[in-house]
Amino acid sequence: FVVLFIGNFPYAATIAVVIGSMALIPYVGAFMGLFVGCLLIAVVSLKQMFWFIIVFLIVQQVEGQIIYPRVVGGSVGLPAIWTLFAVIVGGNISGILGMVIFIPIFSVIYALLRRNVYKRLDKKKISIATEFVNSKELVLTRKFNPHPFVPQGKELNERCEEVFSIQIAGLAQRLVHTGAKTAVVGISGGLDSTLALLVCVKTFDKLGLSRKDILGITMPGFGTTDRTYNNALDLMKSLGISIREISIKEACIQHFKDINHDINVHDVTYENSQARERTQILMDIANQTWGMVVGTGDLSELALGWATYNGDHMSMYGVNASIPKTLVKYLVQWVAENGVDDTSKATLLDIVDTPISPELIPADENGEIKQKTEDLVGPYELHDFFLYYFMRFGFRPSKIFYLANVAFKGVYDEETIKKWLSTFFRRFFNQQFKRSCLPDGPKVGSISISPRGDWRMPSDASSAIWLKEIENL
């Protein structure tokens with residue numbers, strides 16, 4: 001109708017209705033409409049009748065070869081040529097009903113054939129190129145937040161309040177259910193243990209329990225710096241909890257002697273021995289006081305397996321288990337600005353500015369933190385971005401790589417992103433055995449890696465095809 005109206009053809013509306021109705025008849029219907037249209041227009045002008053025939057043939061070709069196959073085929077995942085073939089075969093066999101039925105049938109056939117082809121290619125070790133996804137000519141106009149777990153503006157305060165409330169509610173329920181008399185928390189002066197302590201304090205307030213039944217245990221070791229040590233003590237004092245200081249140095253030295261390990265070799269045994277000694281202390285004190293060890297590890301660390309198995313990886317209830325590292329910082333800052341006194345606030349803000357470190361390696365000559373986590377496993381803002389789009393949407397590495405380059409343009413170059421993307425997938429798969437035996441914890445947000453919640457994955461799953469795709473980027 002639009003074309004006929006623009007072309008100023010006579011009886012445009014009538015002819016459009018006739019052709020539309022006749023088109024329901026397979027193959028010949030549209031041409032029957034053409035015949036009727038020609039008769040009506042010929043009464044007025046033979047010249048316009050010839051122009052009408054030309055316009056009709058052009059519109060039919062555009063609709064049949066481009067619009068219909070792409071619109072219908074796109075909705076069922078069928079290429080245009082397959083859609084056209086399905087319509088011809090179906091219409092020839094059963095008319096309109098055949099067209100309707102044969103499109104989904106051909107869609108299933110196409111999907112099965114494509115799967116078979118991919119399997120055969122995989123057996124022959126022929127990879128499918130991802131050049132299109134990573135093409136420099138592909139322009140993405142949509143913006144992507146480099147910190148998908150961290151909302152902007154007013155929404156950030158609302159998110160922090162909601163997340164913190166869920167953590168408190170989860171811990172409160174577990175304390176009431178178990179009848180635990182105390183909450184035992186290892187306080188390092190870092191972000192994660194600080195957030196766990198804040199959750200404990202607010203939970204005890206909510207339940208009307210004394211804060212003195214929260215046992216904050218600081219356990220300085222070989223890598224503890226004055227900054228984190230003093231922040232841990234200052235925070236516990238200002239929050240009014242019970243404080244215990246137990247050095248792990250002598251116990252670790254004795255342990256190194258027992259297993260014949262050179263204390264000057266700062267390898268994984270040296271580091272993990274300290275983490276497990278701390279966990280043993282926390283568990284035993286919890287037994288002494290009829291208490292519960294509250295875990296501090298966060299979602300990002302658990303995704304990367306950045307925790308000592310049966311060390312800081314283990315607790316009796318992990319309040320931070322589904323909080324990503326990029327959000328932990330803002331949660332602590334939000335509590336500092338909204339839920340504590342000025343003294344605690346000053347300490348919390350200094351903790352927020354402290355470099356992330358397990359402090360298992362001795363400090364440098366200036367007493368500063370030498371072992372910085374992000375130097376070893378990569379920036380947490382990148383890993384949280386990878387984690388979000390991998391687990392929330394199931395994107396493949398090539399797409400995550402492309403989106404990361406868009407989101408972090410001017411911050412990280414392509415080689416840096418590729419390097420840490422490979423690290424992420426390698427560690428995510430290799431460290432699943434730690435996540436398979438995680439302690440309970442509240443689910444916060446859209447992503448959880450609890451084996452009792454959203455995530456099911458065998459501990460020996462292979463990352464080979466993901467890493468292979470990253471190599472080919």
Side-chain angles (χ1 to χ4, degrees), residues 167-168 170-190 192-221 224 229 232-233 235-237 239-256 258-259 271-298 301-302 307-321 358-360 434-442 450-452:
Q167 289 179 281
I168 293 170
L171 180 58
Q173 174 68 21
R174 182 52 58 96
L175 287 170
V176 171
H177 176 73
T178 60
K181 305 300 182 185
T182 64
V184 180
V185 194
I187 309 299
S188 66
D192 291 340
S193 66
T194 296
L195 178 58
L197 176 57
L198 293 172
V199 171
C200 289
V201 166
K202 295 301 181 180
T203 301
F204 273 58
D205 291 349
K206 178 183 177 70
L207 295 174
L209 303 175
S210 171
R211 290 189 181 184
K212 288 298 181 181
D213 288 329
I214 302 172
L215 308 182
I217 317 295
T218 183
M219 297 166 282
T224 303
Y229 172 74
L233 290 177
L235 183 61
M236 290 189 286
K237 288 176 184 176
L239 291 176
I241 70 168
S242 296
I243 304 172
R244 292 187 65 175
E245 179 179 335
I246 303 173
S247 173
I248 64 168
K249 292 181 181 178
E250 292 302 320
C252 287
I253 291 172
Q254 181 60 51
H255 180 63
F256 293 147
D258 292 341
I259 65 173
E271 294 184 18
N272 287 351
S273 295
Q274 297 174 65
R276 293 194 180 102
E277 177 61 28
R278 288 185 170 117
T279 299
Q280 176 180 256
I281 291 171
L282 295 175
M283 291 289 182
D284 290 345
I285 290 177
N287 291 157
Q288 276 183 335
T289 60
W290 295 93
M292 172 191 298
V293 177
V294 177
T296 63
D298 63 52
E301 290 179 343
L302 296 172
T308 299
Y309 188 76
N310 209 31
D312 53 317
H313 147 268
M314 189 49 62
S315 67
M316 297 175 184
Y317 192 77
V319 293
N320 296 338
E359 293 193 319
L360 298 173
K434 295 178 182 177
R435 297 190 293 269
S436 293
C437 54
L438 284 179
D440 291 342
S450 168
R452 293 165 298 281

Item to check | With Leu195, the side-chain contact (heavy atoms from CB on, under 4.5 Å) member among Asn320, Asp298, Val319 | outcome: Asn320
Checklist entry - Only one of Thr218, Ile285, Leu282 forms a side-chain contact (heavy atoms from CB on, under 4.5 Å) with Ile246, so which one is it? => result Ile285
Identify the heavy atoms of [X] and [Y] that sit nearest to each other, and give their distance.
X	Y	result
Pro451	Leu438	CD-CB, 4.2 Å
Asp312	Thr308	OD1-N, 2.9 Å
Ala196	Gly295	CB-O, 3.9 Å
Asp192	Thr296	CB-O, 3.2 Å
Gly189	Ala232	N-CB, 3.9 Å

Next on the checklist: For Phe256, I'd like to know if atom CZ has over 12 heavy atoms of other residues, nucleotides or ligands within 6.0 Å.
Outcome noted: yes
Answer yes or no: is there a donor N or O on one side and an acceptor on the other, between the side chain of [X] and the main chain of [Y], under 3.5 Å?
X	Y	value
Arg276	Tyr309	yes
Arg452	Pro439	yes
Ser210	Lys212	yes
Arg278	Gly186	no
Arg435	Leu302	yes
Ser193	Ser188	yes
Arg244	Leu215	no
Lys434	Ala307	yes

Going from [atom1] on [X] to [atom2] on [Y], what distance comes out if it is rounded to the nearest 0.5 angstrom?
X	Y	atom1	atom2	result
Thr224	Gln274	OG1	CD	8.0 Å
Ser315	Met283	OG	CE	6.0 Å
Thr182	Ile241	OG1	CD1	11.5 Å
Ile187	Met236	CD1	CE	6.0 Å
Met316	Arg174	CE	CZ	11.5 Å
Thr279	Met314	OG1	CE	9.0 Å

Would you say that [X] contacts [Y] through its side chain, given a criterion of any heavy-atom pair below 4.5 Å between the two side chains?
X	Y	value
Arg211	Val201	yes
Met292	Leu171	yes
Tyr317	Leu175	no
Thr203	Gln167	no

Checklist entry - Going by distance alone, is a donor N or O of one side chain under 3.5 Å from an acceptor N or O of the other, for Gln254 and Asp258? => result yes
Next on the checklist: Between Glu245 and Tyr229, do the side chains contain a donor N or O and an acceptor N or O under 3.5 Å apart?
Outcome noted: yes
Next on the checklist: As a quick check of understanding, evaluate side chain to side chain contact (heavy atoms under 4.5 Å, CB included) for Ile214 and Leu197, giving each step before the final call.
Outcome noted: CA-CA 9 Å; Ile214 302 172; Leu197 176 57; 4.0 Å; yes
